[in-house]
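As structure tokens, the structure follows; a few thoughts come after it.
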Amino acid sequence: MIIWTRITPIEQITKQNSSEVAPIWAAWQVATDANFKNIVVADGASTDASRDYTLKVDVRGLKAGKTYYYRFITASHTSPVGRTKTLPKGTTQQVKLAVVSCSNYPAGLFHVYKELAERSDLDAIVHLGDYIYEYPQGGYASEDAAALGREVLPANELIALQDYRTRYAQYRTDPELQAAHQAHPFITVWDDHEVANDTWREGAENHTANEGNFIVRLKAAIQAYAEWMPIRPAVNNNIAALQRSFQFGDLVNLIMLDTRIVGRDKQLDLANYFTASGFNAPAFVGDISNPARRLIGAEQLTWLEGQLHNSAQTWQVLGQQIIMGVMELPAAIVTQQLSIAEFAQLAQLAQIAATQPELLSPAQLVQLQQKGPLLRLGNLPYNLDAWDGYPVERANVLASALEANSNLVVLSGDTHNAWANNLTLGGIAAGVEFATPGVTSPGLETYLGLNTQEAILQAEAAVTQLIPGLQYTNLSNRGYMTVTFTPAEVNCEWVFLDTVKSPLYSVDTSRSKTISVAVNTNTIGA
Ligand SMILES: [Fe+2]
């Protein structure tokens, strides 16, 4: 178990140069009770400027499947008491994980974290990335930041080590986030914004030439992540190797993946395939289905295959960042020639024209003549930063899961919206995917300009109908999901909030959703 704290030196509070502060020593204690009557392990450790005064202890010798309390004590201060829980061993009847992603400080308040802090039924919180965002003041999703008192620090975009450290430190001043860390263990992976938007192996969409060497920036981002997150330092000093697995007794093998940094080739861009004569489908299909194209990389794939094949647990669960389900939409929608609503309306007209054309008005017939051909364009993936941009590697992962007879459950974040997908390979059920909405980042409701509840519900129904594997979506609410595993089934429950833009909020129970999947079916609705 990793226990974590940060000790802010007095010199740093008074804005003196903290790099010359002597190392700070702290005692730490782990007990079975919150009053520390029964301390089971205790020792001391020191921290200094080289790790931004963060302090991590890898506590050994704890019992399996037990709740523990911990605190740190310096010469002048005692920390708040943290609560944590070790992994169970042996026969395990239930595991309940909360899953979150995309917590953007200037975009809203961290009420989702407060909701999680108040729960007593969780084994762990799984954070699938975008724990911080790298943008400057006034950047992405910052329209309400000033009004909310949440303008980011530093004011500039994060580039250097000190920038990333300052941003993590600001996030960690948030009382709702503090409460969540205090109440539960976190299992985390980074997504792109812990570095820069749409990160891949050697670059990022939001890294420009005038921002210096990308690899230097990447190293700074990874160092700050390693300092500020309660994560075990990876072996062989390679803190960039984030893939690791957690065994919850005989029930769940939680396999955490890095889809960003170790293996990912650069994202394709649909705009590059439009020529004067239209969309160059052969070139696009050739590039996207190139067998050499990598997302998690050969080494991590081999490791993942080993995890699937050797897992003695009932459920094999991937904790990773991006949507794995096939999310293809009609090309006219993807290329923004038609909105989802226009497409649905036009499709309806086309259906009537085929059977009862006399019902259509002259204006509707003209509309069909003008825009109808757009209906006949094929489907295109709408997000090439997701697994849809790397279909060969996705097929390899699903093939391995099928070979290993896995009960595969993929947990995803990244989109800021809730989704549930059936994952299939050649028509065979290979697994299910549950995707968590963002903690604060705006979702498709903003991109699609869905301003009324009616428009939101219509878009959700249309998208679910247009995408064969998609079983459910919520396109408008921030929130989180709990995923509960038992020997018989996995149960995903989405919890949505009515707002993250005001201190007053409530859980929007009208939008709550539960999906259960029976063991050995790999199918929602089986
Ligand atoms: Fe995000």
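Because the structure is predicted, anything quoted here is derived from the model rather than measured. As the structure lists them, so they are numbered: ligands from 1, and atoms in each ligand from 1. What you see below is based on every heavy atom in this structure, not just the backbone, and it leaves out hydrogens, waters and symmetry mates.
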Query raised in the report: Does the ring centre of Tyr472 sit less than 6.0 Å away from the ring centre of Trp494?
Result: yes
Query raised in the report: Is the shortest distance from a Lys or Arg side-chain nitrogen in Arg217 or Glu134 to a carboxylate oxygen in the other one below 4.0 Å?
Result: no
Query - Residues Arg264 and Asp385 bridged, charged N to O under 4.0 Å - result: yes
Any N/O/S atom from [X] (main chain or side chain) under 2.8 Å of the Fe ion (ligand 1)?
X	result
Asp191	no
Tyr133	yes
Cys102	yes

**Report entry** For the Fe ion (ligand 1): the N/O/S atom of Asp130 at shortest distance
**Finding:** OD2
Query raised in the report: Does NZ or CZ of Arg150 fall inside the cone over Phe110's six-membered ring, less than 6.0 Å from its centre and within 45° of the axis?
Result: yes
